[in-house]
Undergrad: 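Starting off with a structure, shown below.
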Protein chains: 2
Amino acid sequence: MPNPPTIKEIAKRLNLAASTVSRALHNHPRIGLRTRMKVQELARELQYEPNQTAIFFQQKKTFTLGIVLPELSEAFFSAAISGIEDAANKSNYMVLLGQSHDDTIREQKIVEIMKNHRVDGLLVSLAKNTVDYAHFEMLRKYNIPVVFFDRIPNMPNIHYVASNMESGTIQAVSLLLQRGHRVIGMINGPEKMIASQQRTAGYQKAMQLQRLKYDASLNVNADLTKEGTRHAMQQLLAHKRKITAIVAFNDYVSQDAVQYALEQGLEINKDITFVSYANLPLSSYMAFPPLASVEQYPYLQGQRATEILLELLSGKLAPDQYQQIVIDSRLVMAPGR
Amino acid sequence: MPNPPTIKEIAKRLNLAASTVSRALHNHPRIGLRTRMKVQELARELQYEPNQTAIFFQQKKTFTLGIVLPELSEAFFSAAISGIEDAANKSNYMVLLGQSHDDTIREQKIVEIMKNHRVDGLLVSLAKNTVDYAHFEMLRKYNIPVVFFDRIPNMPNIHYVASNMESGTIQAVSLLLQRGHRVIGMINGPEKMIASQQRTAGYQKAMQLQRLKYDASLNVNADLTKEGTRHAMQQLLAHKRKITAIVAFNDYVSQDAVQYALEQGLEINKDITFVSYANLPLSSYMAFPPLASVEQYPYLQGQRATEILLELLSGKLAPDQYQQIVIDSRLVMAPGR
DNA sequence: TAAATTTGCGCAACCGTTTGTCCAACTATT
DNA sequence: AATAGTTGGACAAACGGTTGCGCAAATTTA
């Protein structure tokens, strides 16, 4: 078989018009039962498969979703993409992939290429330094809907799905309080990050719930590097009040902090207890996993974002019904604790 | 702008034929410089972008590569896909994604959908229980080239890129021997897996190189579950010869084994030393990382596989010049060891 | 200056499918 | 039996771009 059979082929063999064959294959009521059967039988026999590229062209639709995100190999994103792919497949959409490597230029280029490939819609998690959103604004002109997830732009009138760190943080700090910890340190991220602010807010609210005083000196900002974490630990361990528990910005930070604590001769879960935020799918594989982790549900985020995009595409959702979904993070106990 | 400008638009505005515009945009020499300039200027002005779906249809080519693999969220695959995506983008190809979740039925379905989407070629890493290759044989009829990577089928006349665990294992065992270890345990995978056999072969050859005797009872097969690993550890630690080092099947197994050893009161890197195979990008974040890891270069595998596929597509490589690339694994020391 | 080339562009077909419209042949109504 | 209504299918255009061929005008060659 040099080239696959076409509708015209079938039409010729049965002395029918191409249009008739097309309708017969779609069970159009205007086509008689007899011819319908004949057509479908021959189609099966020839293993006819519609040429999707022709259909895409004709329908101006590709049943393809573009995904733009910083880095595939980060656990968070690969989980998210997994959710996206599953949701898309359920509706027979395919998924076109592009990673920005956290570079705005690459991000713009990918968006451009995807636009030319005529993806029906886009799912985007921003490169960390993207501040100019022209390449996304441009998509409006082409009526290509975009749903952002996790890393969302500071921009009005957009659809997005993101997680709120506050709720999980409240739970985390509350857990520690409940277990008797009174002096709780927090290794937070850069001050300007929304995610850091949410963690701080969560910490404060948890204290407030127990009518305890929030001590800002226990909450230190770090830069998420190993050195930054060690420095923060040093600061916390030197605090005039004796810290017995630490909320770490994420599992990477947590591990660095644990290591430092071990070096200082502290016993984990006895002298000092850690709670973290799950970036990794394998905290269960760590030698000293945190007592509990705040889960951000990347798979779910991807899935919800995709569902919204699909509803936008099917018309179930009007383009200006802006969906802004915030998924609450939640504390998850380490197995066996 | 309801719909993007087309070639016909430009033609009409300039009183030219569509064919002339098309050629002008492609810098066809038969078109005069003056008209060429005029066309290109107007095109720029209107922000003309060729409709790729039309081109795909016309050229019977989509500049799209399909990727089928078991699980995106596994570190190995997300690194591989990263390599694939980078290589593809370099040649202006896009990447269409599908995960089988290690289910053969899903794998077949994905291949079918990708065929209908007219991907130009496929990159595949098999679901672990796929034994029937009909869905791949079928692709030959449609002249859709396939390059397998990592998990390759047992099938003649295919292109593939895979890694050989033997070389890295030789290096791993040799390192331990050189450091004075004489009784080295191995927690291997299921006996029937090629990857397990390669590890065994590597172990044997390393011993042979030092004219030492290989003791099969030190090499135990496990099923890669946590329980299996604990059982294997139990077996090894009860060995009549005192084991001072262990080669673990992968980082997951390694962590479970470390945990068991700690429970038994052993001191890591003193009483017992571990060497592993890197599945995780973060052994540096483990509290007790292995002394060294055998690297399998997933990014490189993905990249090489993609390059081969692209050469196949560009005709640089004939379809029957079967490429069977084996990338040697290599021992990498943990930082600071 | 006539013939031969070259230059510059238009015409038309084509890729495979869908869909609006038209038409012939039946069938039913009175 | 003449008219109206229904049924089943054909025709053709359209989606946007590419490409082989033809043809006139401009240029070169003899």
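Protein chains get the first letters and strands the later ones, always in sequence-line order, with residue 1 at the start of each.
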Undergrad: Could you note down all residue pairs passing ring-ring contact (aromatic ring centres under 6.0 Å, His included) where residues 103-123 of chain A supplies at least one of them, sequence neighbours left out?
TA: His117(A)-Phe56(B)

Undergrad: What pairs meet the salt bridge (charged side-chain N to carboxylate O under 4.0 Å, His left out) rule with one or both residues in residues 45-72 of chain A, with sequence neighbours excluded?
TA: none

Undergrad: Donor-acceptor check, side chain of Asp120(B) to backbone of Phe63(B), threshold 3.5 angstrom: yes or no?
TA: yes

Undergrad: Does anyone know the first and last nucleotide of DNA chain C in reach of chain B, 5' to 3', at under 4.0 angstrom to a heavy atom?
TA: dT7(C) to dG16(C)

Undergrad: Find every protein N or O atom lying less than 3.5 Å from an N or O atom of nucleotides 9-18 of chain D, and list the pairs.
TA:
residue, atom, partner, partner atom, Å
dG9(D), OP1, Thr35(A), OG1, 2.9
dG9(D), OP2, Gly32(A), N, 2.6
dG9(D), OP2, Thr35(A), OG1, 2.7
dG9(D), O6, Arg30(A), NH2, 2.9
dA10(D), OP1, Asn15(A), O, 3.4
dA10(D), OP2, Ala17(A), N, 3.0
dA10(D), OP2, Thr20(A), OG1, 2.3
dA10(D), N6, Arg23(A), NH2, 3.0
dC11(D), N4, Ser19(A), OG, 2.7
dC15(D), O3', Lys60(A), NZ, 3.1
dG16(D), OP1, Lys60(A), NZ, 2.8
dG16(D), N7, Lys8(B), NZ, 3.4
dG17(D), OP1, Tyr48(B), OH, 2.5
dG17(D), OP1, Asn51(B), N, 3.4
dG17(D), OP2, Ile7(B), N, 2.5
dT18(D), OP1, His26(B), NE2, 3.2
dT18(D), OP2, Ser22(B), OG, 2.7
dT18(D), O4', Gln58(B), NE2, 2.6

Undergrad: Counting neighbours of CG on Asn154(A) that are heavy atoms of other residues, nucleotides or ligands and sit closer than 6.0 Å, is the number greater than 12?
TA: no

Undergrad: Going by atom type alone, with no hydrogens or angles, which donor-acceptor pairs under 3.5 Å involve a side-chain atom of residues 20-32 of chain B and a protein atom two or more places apart or on another chain?
TA:
residue, atom, partner, partner atom, Å
His26(B), ND1, Ser22(B), O, 2.8
Asn27(B), OD1, Gln40(B), NE2, 2.9
His28(B), ND1, Arg30(B), N, 3.0

Undergrad: Tabulate below the donor-acceptor pairs under 3.5 Å that side-chain atoms of residues 317-327 of chain B make, not counting sequence neighbours, or state none.
TA:
residue, atom, partner, partner atom, Å
Gln321(B), OE1, Ala318(B), N, 2.9
Gln323(B), NE2, Gln321(B), O, 3.2
Gln324(B), NE2, Ile158(B), O, 2.8

Undergrad: Would you call Pro50(B) and Asn116(A) a side-chain contact if the rule is heavy atoms closer than 4.5 Å?
TA: no

